[in-house]
Number of protein chains: 2
Amino acid sequence: MATRGTRKKTADKPRYHHGDLRRALLDASLALISEEGFGALSLREVARRAGVTHAAPYRHFPDKEALLAAVAEEGFRAMTARMKERMVRETTPDGRLLACGVAYVLFAMEHPAHFRVMFGPHFSHPPDLGEAGGDTDSFGLLVGSLAEAQRAGMVREGDTQPLALSCWSMVHGLASLLVDGLLARSGITTVAQAEALAEQTVRVLLHGLARSTSD
Amino acid sequence: MATRGTRKKTADKPRYHHGDLRRALLDASLALISEEGFGALSLREVARRAGVTHAAPYRHFPDKEALLAAVAEEGFRAMTARMKERMVRETTPDGRLLACGVAYVLFAMEHPAHFRVMFGPHFSHPPDLGEAGGDTDSFGLLVGSLAEAQRAGMVREGDTQPLALSCWSMVHGLASLLVDGLLARSGITTVAQAEALAEQTVRVLLHGLARSTSD
DNA sequence: CCTACCGATCGGTAGG
DNA sequence: CCTACCGATCGGTAGG
């Protein structure tokens, strides 16, 4: 009994009686998904990892879907930022278009948990990719740079929308295969390898977009 | 009490005391995923839908992952068959390559639950896409027709493998976006629309593959 | 943000 | 292929 009342020997559970529990919950969610896969994500396990009781998250998110929505929104914001970051360095329309696509794939490789939440089939309604022009409007960046490339004569004329869907499909497919580990047996495991493949792949697509297929 | 002992008024639960429970379990899994999403899939609910006790499935599958593996394998077999079916109608190398890609997308649209299980992040190990030349080797079909197109001079020379990854990414991305409903707001909802988009998209890619980007 | 509690569901097994 | 059972986990709420 002599030791009763002294500091507990295990103070290993950080507590969040301050303002950053929300952040801690988001981080815990991402770590959990990365380590155990999406199926392992539960509000209770997230709370556990964040060092709080399983009732605490409800102070910040009304339910599980709200937590995921917050993760997804953060992901779209980060992805859009990543795309802009690489695009502004470029000086040509097709350079920007290429950068746009490569950044999409890089984001997925660097933030697989975010990517899974953003595009996984977890929501009742598929996510809206952000208001036009907003800082989550990654699709808008693609459409914009594609239209610019059209005006510059580097991409065939015609309705921009279906062409944008082709571009999106290309990078989304590559990103998905990478995140799900399906290209590992083809030897693509590092970010550098993924970037090289993305560049090559998007270049092929841009080349295909340059002129009408009936040429 | 007069009615006691007579036929129960609800005989609505079909029983599988014959040989087709395995098939029924696979079908129930697919229906469940289609209707409620992948997250709703549990062995117990599958058993319920198949009209058996939750212990019955263990007679056919050692665990949940084994059930999913069976669904996935069936999916790869069906997808490969779908691709072959469309490819044999074609008389040119690039026709076969196009058919190969379009069939991939069509399969996903027609069998979204299969597609989700095949490529969803549900397995400890990502699925092997089948032994080379086997009836689940869809990737082999792609590589084969791509190599054929190269020999015919319709696709640039060089290592076939990375080019095949570009093709796979393209159709896999389109299929994924379609299955997850992300192209619905772009107005692509029917199989016919998806097929048209897939054709256009793969044509763009083939055009890009025709010659070196440095031409 | 915590304790204590609810009903529900789950994967899996024993034993027949 | 069924009944009966196990321990575990879950989402969510009451009440403080």
Side-chain angles (χ1 to χ4, degrees), chain A residues 7-8 10-33 35-72 117 120-125, chain B residues 8 10-33 35-72 117 120-124:
Chain A
R7 187 166 59 83
K8 298 265 185 58
T10 53
D12 52 358
K13 282 210 171 187
R15 297 274 147 172
Y16 292 90
H17 291 271
H18 20 82
D20 58 352
L21 177 56
R22 183 189 156 91
R23 179 71 259 155
L25 292 169
L26 295 176
D27 289 341
S29 302
L30 293 167
L32 180 55
I33 293 168
E35 294 167 26
E36 314 282 345
F38 194 90
L41 187 133
S42 73
L43 261 187
R44 291 174 101 102
E45 179 61 26
V46 167
R48 220 167 279 140
R49 288 185 173 231
V52 294
T53 301
H54 76 266
Y58 292 93
R59 301 282 292 174
H60 296 269
F61 304 101
D63 57 24
K64 188 176 172 176
E65 184 157 337
L67 202 185
L68 287 179
V71 170
V117 174
H122 320 297
F123 299 107
S124 346
H125 316 285
Chain B
K8 297 267 186 61
T10 52
D12 51 0
K13 281 211 172 186
R15 296 276 147 173
Y16 291 89
H17 291 269
H18 20 83
D20 58 352
L21 177 56
R22 184 191 154 91
R23 178 71 259 155
L25 291 170
L26 295 177
D27 289 340
S29 301
L30 292 167
L32 180 54
I33 291 168
E35 293 167 27
E36 315 282 346
F38 194 89
L41 187 134
S42 72
L43 260 188
R44 291 174 101 102
E45 178 61 27
V46 167
R48 220 167 279 139
R49 288 188 172 229
V52 294
T53 301
H54 76 267
Y58 292 93
R59 300 284 290 176
H60 297 268
F61 303 101
D63 57 23
K64 189 175 173 179
E65 183 156 339
L67 203 185
L68 287 179
V71 171
V117 174
H122 317 298
F123 299 107
S124 346

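Quick caveat: nothing in here was measured; it's all calculated off a predicted structure. Letters A, B, ... mirror the listed sequences (proteins, then strands); counts begin at 1.
For A:Asp27, the salt bridge (Lys or Arg N to Asp or Glu O under 4.0 Å) test picks out A:Arg23, with sequence neighbours left out. For B:Arg59, the side chain to side chain contact (heavy atoms under 4.5 Å, CB included) criterion is met by no residue, not counting sequence neighbours.
When side chains are defined from C-beta on, B:Phe61 does not count as touching B:Leu68, because their heavy atoms never get closer than 4.5 Å.
If you take CG of B:Leu21 and C1' of D:dC2, they are 13 Å apart, rounded to a whole angstrom. For A:Glu36 and D:dT9, the CD to C1' distance is 15 Å, given to the nearest whole Å.
Nearest approach of B:Val46 to B:Ala28, heavy atoms of both residues: O-CB, 3.7 Å. Looking at every heavy atom in both residues, B:Ala70 comes nearest to B:Leu26 through CB-CD2, 4.0 Å. Minimum interatomic distance between B:Pro57 and B:Ala47 (heavy atoms only, all atoms of both residues): CG-CB, 3.7 Å.
Counting only residues at least two apart or on different chains, the salt bridge (charged side-chain N to carboxylate O under 4.0 Å, His left out) pairs with a member in residues 37-47 of chain A are A:Glu45-A:Arg48, A:Glu45-A:Arg49.
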Under the 3.5 Å Watson-Crick or G-U criterion, the dot-bracket string of DNA chain D, with | for inter-strand pairs:
||||||||||||||||

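The CG atom of A:Leu25 lies 8.5 Å from the CG atom of A:Leu43; values are rounded to the nearest 0.5 Å.
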Polar pairs (N or O, both sides) under 3.5 Å between protein and nucleotides 11-15 of chain D?
unit_1: D:dG11; atom_1: OP1; unit_2: A:Leu43; atom_2: N; d: 3.1
unit_1: D:dG11; atom_1: OP1; unit_2: A:Lys64; atom_2: NZ; d: 3.4
unit_1: D:dG11; atom_1: OP2; unit_2: A:Leu43; atom_2: N; d: 3.2
unit_1: D:dG11; atom_1: OP2; unit_2: A:Arg44; atom_2: N; d: 3.2
unit_1: D:dG11; atom_1: N7; unit_2: A:Arg44; atom_2: NH1; d: 2.3
unit_1: D:dG11; atom_1: O6; unit_2: A:Arg44; atom_2: NH1; d: 2.9
unit_1: D:dG12; atom_1: OP2; unit_2: A:Tyr58; atom_2: OH; d: 3.4
unit_1: D:dG12; atom_1: O6; unit_2: A:Arg44; atom_2: NH1; d: 3.4
unit_1: D:dG12; atom_1: O6; unit_2: A:His54; atom_2: NE2; d: 2.4

